[in-house]
*Asks:* 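Pasting in a structure now, in structure tokens, and then I'll have a few things to ask.
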Amino acid sequence: MRRMLALAAFSALALSAGAVLAQDPISAREPTMKNIGRAFGAINRMNRGQDSFDAAKATEAFHTISANAKTFSTLFPDSAKTGDKNARPEIWTQKTDFDARVKKLAADAEAAATATAKGEADFKTSFAAVQPQCGGCHQVYRNE
Ligand code: HEC
């Protein structure tokens with residue numbers, strides 16, 4: 001009986017540890033950016049003509065980028081400055097610039113989703129506006 005109680009207490013502890021982990025901003029960064037990367041891959045192929053243009057899929061991809069950029073912007077609190085080898089300390093020393101870049105990506109991807117519904121030419125124009133933001137931010141704030 002004592003052992004069972006101890007076991008129950010242990011599982012409750014493990015469960016709450018799991019819940020804390022799921023909310024840990026550091027471990028949420030990679031999957032959030034991966035969602036952006038996957039969505040970007042799909043529209044990148046359409047932009048290059050490797051896949052044919054599909055307005056619905058491209059619109060969805062831009063929505064995914066925007067939504068995940070909004071999430072990403074919440075994952076860099078002062079309490080999570082260390083312990084992530086991919087995030088450079090400049091994120092916090094130049095927080096205004098970093099935040100502005102994430103916000104711009106979310107806004108431009110949202111605008112791109114709307115523009116894409118008008119057709120391929122508008123898709124390409126909006127893609128060209130979003131694409132340089134990825135590498136632009138990575139160069140300054142991300143360790144490869
Ligand atoms: C405002 C800055 C910023 C912008 C804009 C940005 N990223 Fe990132 N990205 C980061 C940071 C920081 C990391 C490292 C995250 C981490 O793991 O801590 C990252 C990581 C990644 C990763 C690696 C995820 C992994 O597997 O570890 C991919 C893929 C990625 N970004 C794709 C993109 C694409 C595609 C775009 C443009 C649509 C983009 N990013 C725009 C900051 C940015």
Side-chain angles (χ1 to χ4, degrees), residues 5-144:
L5 274 179
L7 200 71
F10 178 75
S11 344
L13 206 74
L15 272 177
S16 59
V20 168
L21 268 183
Q23 287 163 7
D24 169 28
I26 295 178
S27 51
R29 287 173 196 161
E30 192 176 312
T32 305
M33 257 302 154
K34 276 209 163 95
N35 291 338
I36 292 180
R38 256 193 307 273
F40 183 82
I43 46 179
N44 194 29
R45 285 190 298 277
M46 285 184 208
N47 185 60
R48 289 183 179 164
Q50 291 165 328
D51 282 346
S52 48
F53 174 66
D54 180 326
K57 278 190 190 155
T59 304
E60 192 190 319
F62 280 125
H63 277 310
T64 301
I65 292 174
S66 180
N68 282 278
K70 283 180 190 151
T71 305
F72 199 65
S73 70
T74 66
L75 302 178
F76 298 86
D78 281 351
S79 55
K81 281 187 191 176
T82 53
D84 180 355
K85 61 178 176 24
N86 297 318
R88 292 203 192 139
E90 283 81 353
I91 290 174
W92 291 273
T93 56
Q94 299 166 194
K95 197 75 170 54
T96 315
D97 177 64
F98 181 78
D99 286 346
R101 285 175 187 261
V102 189
K103 214 170 161 185
K104 182 166 168 54
L105 177 63
D108 288 0
E110 200 54 52
T114 308
T116 291
K118 293 185 209 147
E120 190 165 2
D122 290 272
F123 160 71
K124 289 206 168 201
T125 308
S126 5
F127 182 85
V130 168
Q131 184 187 32
Q133 297 178 32
C134 313
C137 184
H138 294 161
Q139 241 172 31
V140 187
Y141 297 106
R142 174 190 168 194
N143 287 325
E144 298 299 322

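Note that ligands are numbered from 1 as they come in the structure, with each ligand's atoms numbered from 1 the same way.
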*Asks:* Using a 4.0 Å cutoff against the non-hydrogen atoms of Q133, which atoms of ligand 1 qualify?
*Replies:* 5 (C)

*Asks:* Which atoms of ligand 1 have any heavy atom of N86 under 4.0 Å away?
*Replies:* 14 (C), 16 (C), 17 (O), 18 (O)

*Asks:* Give the contacting part of V102 toward ligand 1: side chain, backbone, both or neither, where contact means a heavy-atom distance below 4.0 Å.
*Replies:* both

*Asks:* Does any N or O in the side chain of N44 come within less than 3.5 Å of the main-chain N or O of F40, such that one atom is a donor and the other an acceptor?
*Replies:* no

*Asks:* I need the Q133 CD to H138 NE2 distance, nearest 0.5 Å.
*Replies:* 11.0 Å

*Asks:* How far is atom 27 (O) of ligand 1 from its nearest protein heavy atom, and which residue and atom name does that atom have?
*Replies:* E30 CG, 2.9 Å

*Asks:* Which atoms of ligand 1 have any heavy atom of D84 under 4.0 Å away?
*Replies:* 16 (C), 18 (O)

*Asks:* If the condition is ring pair (Phe, Tyr, Trp, His ring centres under 6.0 Å), which residues does F98 pass it with, not counting sequence neighbours?
*Replies:* F76, Y141

*Asks:* Using a 4.0 Å cutoff against the non-hydrogen atoms of F40, which atoms of ligand 1 qualify?
*Replies:* 35 (C), 38 (C)

*Asks:* A side-chain contact here means heavy atoms from C-beta on lying under 4.5 Å apart; do H63 and E110 qualify?
*Replies:* yes

*Asks:* Taking T116 for its side chain and A113 for its backbone only, find out whether a donor-acceptor pair lies under 3.5 Å.
*Replies:* no

*Asks:* No waters, cut-off 2.8 Å: how many protein N, O or S atoms are close to atom 8 (Fe) of ligand 1?
*Replies:* 2

*Asks:* Looking only at N/O atoms, are R29 and ligand 1 under 3.5 Å apart anywhere?
*Replies:* no

*Asks:* Quick one, I65 and I43 - any side-chain contact, counting heavy atoms below 4.5 Å?
*Replies:* yes

*Asks:* If you look only at pairs with a residue in residues 83-97, which of them pass as a salt bridge (charged side-chain N to carboxylate O under 4.0 Å, His left out), with sequence neighbours excluded?
*Replies:* R29-D84, K95-D99, D97-R101

*Asks:* Which salt bridge (charged side-chain N to carboxylate O under 4.0 Å, His left out) pairs, counting each pair once, include a residue from residues 125-143, with sequence neighbours left out?
*Replies:* R142-E144

*Asks:* Is there a side-chain contact (heavy atoms from CB on, under 4.5 Å) between V130 and F62? Walk through the geometry before answering.
*Replies:* CA-CA 9 Å; V130 168; F62 280 125; 4.3 Å; yes

